[in-house]
Amino acid sequence: MNRTSLGDIKSALSTIMGNKQILALGITSCFFEGAMYLFIFFWSAALKSARARSGSDEELPYGLIFSSFMCAMMAGSAFFSLSTPTHTRESTTFVLMAVTLVASACLSGAVLLENESLLFWAMCAVEAAIGAYFPSMSFLKSEVVEDGVRGRVYSILRFPLNVFVVLVHSLDQEGESSTGFLLNF
Amino acid sequence: MLSDNLGVLFAGRLAGGVSTTLLFSVFEAWMITEYHRRGLATSDLRLSTVFGYMTTLSCIVAIMSGVVGDVLVATLGGRVWPFLASIVCSVSAAYLIVKTWVSVREEKERERDNAQSQGWHDTNIGSSRSRTTAPSQ
């Protein structure tokens with residue numbers, strides 16, 4: 001069993017390495033979803049320190065903030081569904097690139113912004129970008145990856161993402177870094 | 001908390017991480033395979049539309065479960081209850097998956113059984129058994 005699964009991994013790896021489109025999607029998902037996980041980890045701390053800077057010590061409504069983020073994400077995915085009736089590889093690639101651009105701009109903005117409510121809205125924009133990101137990434141992956149190796153390729157594409165998150169967490173500093181994230185595509 | 005043992009909590013986190021990774025890769029792979037298996041590619045329903053709805057629906061469920069979790073914490077007191085509620089959700093999801101998903105291997109075997117005679121199957125039972133131990137995709 002070990003030998004067959006090792007062979008499976010090898011064949012999936014060679015599929016990823018041999019296909020530039022899959023490789024590009026893999027790198028994008030690694031950085032984008034990596035930044036997303038860091039964002040999920042850091043948003044409450046970032047809002048808390050923004051509140052502390054504004055001189056208020058009132059407790060933040062975390063449940064409400066989370067719901068707003070989810071609503072923004074829903075708006076993003078609705079945008080993906082409604083933007084065009086028929087999605088092609090080209091249009092979806094465009095959506096994906098626009099989304100990565102918006103998300104990296106907003107994350108960079110979130111690092112620079114001092115104002116509490118502006119920070120919140122920048123974060124909502126990031127969530128909306130994430131909402132449009134997931135369907136476009138899923139669609140592109142379904143287009144590019146062949147059925148026979150799909151499960152294996154998908155699992156292997158998750159691996160660099162997890163490594164990325166662990167690595168960045170081990171470098172934890174105050175505030176999230178989003179620079180690695182601009183390298184997409 | 002149900003356990004004060006840091007080791008147990010750590011193991012729980014580990015299992016949670018593994019299942020999150022599986023959730024993101026396996027479900028999507030299954031859905032695309034099922035989409036093609038049912039021949040939906042020729043219908044009006046686009047795969048991109050399905051993905052769009054999938055994300056929208058997950059957001060709605062996330063909002064609702066946020067509210068439900070909040071209500072649970074407020075009424076029953078204690079932050080353990082949302083975790084227990086998620087156990088119920090996961091077990092029912094696992095039950096539904098086991099009951100309703102047709103595995104690719106199972107289907108291929110059924111097709112082969114229909115196509116080939118029983119004698120052919122008997123002589124190959126060894127190889128099919130070794131195949132069942134292979135990791136599924």
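Owing to the predicted nature of the structure, the values given are computational and were not obtained by experimental measurement. Letters A, B, ... are given to chains in the order of the sequence lines, protein chains preceding strands, and every chain is numbered from 1.
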Query raised in the report: Side chains of A:S77 and B:T56: do they bring a donor and an acceptor to under 3.5 Å?
Result: yes
**Report entry** Main-chain N/O of B:G16 paired to B:T20 side chain as donor or acceptor, under 3.5 Å
**Finding:** yes
Requested in this report: Output yes when a side-chain donor or acceptor of A:T88 lies under 3.5 Å from a complementary backbone atom of A:S91, and no otherwise.
Outcome: yes
**Report entry** Proximity breakdown for B:I60 and chain A, heavy-atom pairs closer than 4.5 Å
**Finding:** both
Report summary line: Per ring-ring contact (aromatic ring centres under 6.0 Å, His included), A:F32 is matched among A:F39, A:Y133, A:F134 by A:Y133
Requested in this report: Identify which of A:F80, A:F139, A:F79 forms the greatest number of heavy-atom pairs closer than 4.5 Å to chain B.
Outcome: A:F139
Report summary line: If one checks every heavy atom of A:S81 against chain B at 4.5 Å, the contacting part turns out to be side chain
